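Report on one structure; see the data block that follows.
What you are looking at is a predicted structure, and each value in this text was computed from that prediction instead of being measured. Whatever order the structure lists them in is the order used to number ligands and atoms, beginning at 1.
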Amino acid sequence: MAERNAFVCGYPIKHSRSPVIHGYWLKQYGIAGSYRAIEVTPGDFPEFLAGMARQGLVGGNITLPHKQAALDLVDEADAPARKIGAVNTVWLEGGRLRGTNTDWLGFAASMDASAPGWDRAGKAVILGAGGAARGILYALASRGMTGTTLVNRTVARASALAEAFAPTVGRACGWDELPAALAGADLVINTTSVGMDGGAEAMVDLDPVAAGAIVSDIVYVPLETPLLREARIRDLRIVDGLGMLLHQAAPGFERWFGVRPQVTDSLRQAVLDDLVRAS
Ligand code: ATR
């Protein structure tokens, strides 16, 4: 088989860990292929996608700020991508550019691996109502979960998402109602960028949550966010954001290179080492 070349494209792109993940798998499975980071400005993005075949690229990942634009630019976006409103994985098939979104699969797989039974939560609370929240909600919907509470700084955004994802979301409210929303919660998921880069002290008081609750954060820099630190101190079950990053990469790799890769502890360590080197 001819060497297959894939990419991750964003603007800026230097923070992407995807080349480490896919490079690790290419080596591990002895595949003659490449995966490289390509910086593309929003203005150049349509032309970049249209020129993939000409550049010898079979597919790739799309990251910020192009995920929403990609939805309109691919020839065919599948149902998850359309519902989430973003494409993070593309590939050429029969001369057509196809797109999907694997963030929701990555989240569900990471939760399955680290907190099995998470999808049987009786009272789930999601913090945030941006693009990332849509992916998480799609994952919850795929497991038939209903009645989740969505808490967001901008209430109107949470309400709009609640409407789009009913009955997965049962209630939308503002940050001021967070303590009440958390009362008795057994699953708490942060989808906001709050807590990134070590920032402020814990933004969330986890006192009201149920004993043994699962607390998950999609942020992975730092790996232990203020929310997860709060959770650890209270002896709650923790799922960090790195698992989602690793698991969302697997379906794309399989599409481009034909091998379903495994998410292992040594892959996780390779990415952690890279994060330390970059810090
Ligand atoms: P993403 O695609 O990563 O979800 P986004 O669409 O910009 O990014 O959404 C960011 C989320 O983090 C939103 O829910 C945002 O709240 P608003 O809708 O009120 O803007 C939330 N967020 C970002 N900074 C925040 C802060 N300092 N405090 C509370 N919420 C914050």
query: Quick one: which ligand 1 atoms are inside 4.0 Å of a heavy atom on T192?
result: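 Matching atoms, with element in brackets: 12 (O), 21 (C).
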field: Element-labelled atoms of ligand 1 that are located less than 4.0 Å from some non-hydrogen atom of G131
entry: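 In order of number, 1 (P), 2 (O), 4 (O), 6 (O).
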So is there a nitrogen or oxygen of [X] less than 3.5 Å from a nitrogen or oxygen in ligand 1?
X	result
G128	no
N152	yes
V194	no

Nearest to [atom], what protein heavy atom do you find, and at what distance?
atom	result
atom 3 (O) of ligand 1	A132 CB, 4.1 Å
atom 17 (P) of ligand 1	T154 OG1, 3.4 Å
atom 25 (C) of ligand 1	R153 NH1, 3.4 Å
atom 23 (C) of ligand 1	S193 OG, 3.7 Å
atom 13 (C) of ligand 1	R157 NH1, 3.5 Å
atom 9 (O) of ligand 1	G130 CA, 3.5 Å

- prompt: Does K123 use its side chain to pair, donor to acceptor, with the backbone of A183 at less than 3.5 Å?
  reply: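 Yes, the answer is positive, given that a donor and an acceptor are paired below the 3.5 Å cut-off.
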query: Looking only at atom types and distance, does a side-chain atom of W25 sit under 3.5 Å from a main-chain N or O of Q262, one as donor and one as acceptor?
result: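 Such a contact is found between W25 side chain and Q262 backbone.
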message: Using the ring centroid of each side chain, check whether F253 and Y24 are separated by less than 6.0 Å.
response: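 No: the rings miss the under 6.0 Å criterion.
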Centroid-centroid distance, W118 to F107, less than 6.0 Å: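 Yes, close enough.
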- request: List the steps and the verdict of side-chain contact (heavy atoms from CB on, under 4.5 Å) for Q269 and D273.
  value: CA-CA 6 Å; Q269 193 55 52; D273 291 346; 2.9 Å; yes
message: Given the ring of W175, does R153 sit roughly above its face, with NZ or CZ under 6.0 Å from the centre of the six-membered ring and within 45° of the axis?
response: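 The answer is no, since R153 fails at least one limit relative to W175.
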message: For R96, is there an ion pair with D75 - N to carboxylate O distance below 4.0 angstrom?
response: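 Between R96 and D75 there is no salt bridge, as every charged N stays at least 4.0 Å from the carboxylate O atoms.
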- prompt: Could you give the distance from CE (M52) to CG (N5), rounded to the nearest 0.5 Å?
  reply: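 That separation rounds to 11.0 Å.
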